[in-house]
Amino acid sequence: MSAINVTSEIGKLKKVLVHRPGKEMENLMPDYLDRLLFDDIPYLEGAQREHDNFVKEMEKEGVEVVYLEKLATEAIDAGDAKEEFVDQWISESGIVSESVKTIVKEQLLAMDTFEMVLKTMEGFRRTEINSENFASSLADLMESDYPFLVDPMPNLYFSRDPFATMGNGVSINKMFAETRNRETIYGHYIFKYHPEYKENVDKFYSRDDENRIEGGDELVLSKDVLAIGISERTDSRAIEILAKRVFEKGAFKEVLAFDIGEHRKFMHLDTVFTMVDYDKFTIHPEIEGGLRVFSLTPGENGEVKIVEKESHKLSEVLAQSLGLDSVTLIPCAGGGLVDSAREQWNDGSNTLTIAPGVVVVYDRNPITNDLLEKHGLRLIKVPGSELVRGRGGPRCMTMPLVREDL
Ligand SMILES: NC(=[NH2+])NCCC[C@H](N)C(=O)O
């Protein structure tokens with residue numbers, strides 16, 4: 001029996017993984033926001049209040065919420081892998097000087113495992129290491145004006161992206177930017193050592209794979225169909241490789257690849273498209289009409305057959321692949337140029353469905369929310385004005401581990 005079961009985007013959510021924003025947020029600086037994929041600096045206590053409320057609302061609906069930092073700690077302890085983890089984290093940290101590596105390793109190993117996990121997420125300011133204690137390398141001296149020895153990982157609360165569950169398996173991802181690719185170490189250790197997740201979980205992708213793919217692009221439309229965005233973050237080659245592997249396992253029968261172009265504002269497919277009911281989707285109007293969609297299905301001799309869909313109308317493609325007479329696409333903020341741009345930017349289309357027709361949304365997108373309610377959806381509206389400064393919404397902040405089958 002696998003600890004992972006995710007055969008749709010809308011089946012009743014039973015167990016979900018999140019990360020509570022931590023001190024990594026207090027290592028965001030205006031000069032380095034681009035490097036860390038942020039557009040503003042959240043207020044940590046406000047973001048934590050909003051995140052705690054988000055978790056409470058899911059728990060009120062009967063969802064078991066587990067935290068990445070806790071699962072990673074349990075996995076590292078279960079595998080007696082603290083030094084292995086620290087060595088790997090240091091090798092990916094960007095620290096150049098051997099003496100600094102030694103000092104940082106000693107500091108981390110002196111902490112209890114949970115504290116160590118949180119510190120690896122937070123990063124190290126240069127001032128945390130007494131400069132007299134280490135012989136600087138030339139590289140260190142050249143970088144002395146950069147205030148961090150090790151960058152923080154402020155995007156970790158977007159637990160949707162570093163790995164993605166699908167069927168009874170997982171895609172541990174290779175991510176677009178270095179700042180986020182480092183995040184995948186936690187999922188790697190969970191699926192390597194955690195007693196609940198180290199066995200009976202199919203591994204469809206690995207952080208050691210070459211081509212990039214991120215969980216915001218990976219949607220489980222049904223027990224048979226995956227939708228994956230070709231985007232700023234996900235390479236078409238990665239989709240082909242993943243499709244071949246899920247087909248080999250008999251896990252899915254079709255992968256729909258949506259070409260959404262390479263745009264920061266549409267960084268992932270789930271920023272412009274999410275499933276909210278058996279036959280209803282939120283959509284950003286800019287992708288509704290002329291989207292190139294490719295259907296990947298099992299071919300001869302284990303190959304993948306790829307066909308470009310003739311129709312560029314998403315509604316037709318979805319109805320056909322999901323075996324529905326028709327689907328309803330609900331445009332973000334009603335589709336108006338100004339309103340939909342404003343509300344998509346604040347993740348009006350990035351909804352989390354916790355049961356068919358029951359959807360968690362940010363309260364700050366009133367036009368989209370009103371439209372969703374008019375389509376008969378029950379909304380759970382949560383504040384997110386600090387959380388959204390990282391450009392992510394309720395779907396971004398969650399990774400389903402168990403959903404009931406439909
Ligand atoms: N699934 C999502 N839409 N995730 C949003 C991630 C936002 C994050 N700042 C990034 O650029 O990666």
Side-chain angles (χ1 to χ4, degrees), residues 6 9 16-19 21-22 24-25 27-30 32-42 47 50-51 54 68 121 151-166 171-184 186-187 212-220 226-235 238 258 260-275 281-284 286-287 332 343-353 360-362 365 368 384-400:
V6 178
E9 290 285 311
V16 72
L17 176 87
V18 301
H19 168 65
E24 62 272 12
M25 297 286 234
N27 277 338
L28 277 165
M29 280 178 66
Y32 306 112
L33 288 176
D34 284 351
R35 176 188 177 117
L36 298 175
L37 301 173
F38 263 68
D39 300 294
D40 199 347
I41 293 179
E50 290 175 353
H51 195 272
F54 174 44
L68 175 73
M121 296 174 169
D151 276 349
M153 297 189 228
N155 293 286
L156 273 165
Y157 70 107
F158 299 125
S159 57
R160 173 64 60 172
D161 303 319
F163 64 83
T165 54
M166 49 190 74
S171 162
I172 301 177
N173 291 326
K174 171 78 169 214
M175 299 182 83
F176 165 78
E178 184 188 349
T179 179
R180 294 216 67 184
N181 203 41
R182 292 179 57 224
E183 294 173 35
T184 61
Y186 303 104
R212 300 169 309 183
I213 189 167
E214 297 193 2
D217 281 314
E218 299 170 284
L219 283 75
V220 183
L226 288 177
I228 305 182
I230 305 170
S231 69
E232 177 193 65
R233 305 296 177 87
T234 294
D235 304 335
F258 293 15
I260 61 171
E262 301 191 9
H263 313 282
R264 166 89 177 112
K265 64 181 180 179
F266 294 172
M267 70 192 81
H268 292 123
L269 179 57
D270 72 0
T271 60
V272 291
F273 173 76
T274 48
M275 192 166 186
F281 298 81
T282 67
I283 188 101
H284 190 280
E286 282 190 40
I287 77 157
C332 187
E343 294 201 357
Q344 185 277 334
W345 179 249
N346 284 309
D347 287 287
S349 283
N350 185 261
T351 62
L352 172 70
T353 303
V360 185
V361 297
Y362 279 151
N365 297 304
T368 303
S385 291
E386 290 303 325
L387 292 169
V388 82
R389 294 178 198 268
R391 282 290 66 72
R395 188 180 190 273
C396 305
M397 294 189 290
T398 50
M399 178 36 65

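When a ligand or atom number is given, it counts from 1 through the structure's own listing order.
- Counting heavy atoms under 4.0 Å from ligand 1, residue Arg264 touches it through the side chain alone.
- Atom 12 (O) of ligand 1 has Arg233 NH1, 2.7 Å as its closest protein atom, hydrogens excluded (heavy atom only).
- In this structure, the protein non-hydrogen atom closest to atom 7 (C) of ligand 1 is Gly390 O, 3.3 Å.
- For Arg160 (side chain) and Met399 (main-chain N/O), no donor-acceptor pair under 3.5 Å exists by modelled atom type.
- Residue, atom and distance of the protein heavy atom nearest to atom 4 (N) of ligand 1 are Asp161 OD2, 2.9 Å.
- The ligand atoms of ligand 1 that sit less than 4.0 angstrom from a heavy atom of Gly216 are 1 (N).
- The only member of Asn346, Asn155, Thr271, Asp40 that meets side chain to side chain donor-acceptor pair (under 3.5 Å) when paired with Arg391 is Asn346.
- Residue Glu214 does not touch ligand 1, judged by heavy-atom distances below 4.0 Å.
- Tyr157 and Phe38 have tilted rings, their planes meeting at an angle from 30° to 60° on a 0 to 90° scale.
- In summary, of the residues considered (Arg233, Glu214, Arg212, Glu218), a side chain to side chain donor-acceptor pair (under 3.5 Å) with Asn173 occurs for Glu218 alone.
- Ser349 places no side-chain N or O within donor-acceptor distance of the main-chain N or O of Phe273, the cut-off being under 3.5 Å.
- Every atom of ligand 1 is numbered from 1 in the order shown, and the set under 4.0 Å from a heavy atom of Cys396 is 1 (N), 2 (C), 3 (N), 4 (N), 5 (C).
- Within the 4.0 Å heavy-atom shell around ligand 1 one finds Phe158.
- Counting atoms of ligand 1 from 1 in the listed order, those under 4.0 Å from a heavy atom of Thr271 are 3 (N).
- For the ligand labelled ligand 1, residue Arg395 lies outside the 4.0 Å heavy-atom shell.
- The ligand atoms of ligand 1 that sit less than 4.0 angstrom from a heavy atom of Arg391 are 5 (C), 7 (C).
- Here Arg264 pairs with Asp39 in a salt bridge; the nearest charged N to carboxylate O distance falls below 4.0 Å.
- Glu24 and His19 form a side-chain donor-acceptor contact under 3.5 Å, judged by distance and modelled atom types alone.
- The protein non-hydrogen atom at the shortest distance from atom 8 (C) of ligand 1 is Asn155 OD1, 3.1 Å.
- In Leu37, the parts holding a heavy atom less than 4.0 Å from any atom of ligand 1 are both the side chain and the backbone.
- Under a 3.5 Å cut-off, the side chain of Asp270 and the backbone N or O of Asn350 do not form any donor-acceptor pair.
- Contact annotation: the side chain of Leu36 approaches that of Leu28 to within less than 4.5 Å [non-hydrogen atoms, C-beta and beyond].
- Note: an N/O pair closer than 3.5 Å links His268 and ligand 1 by distance alone.
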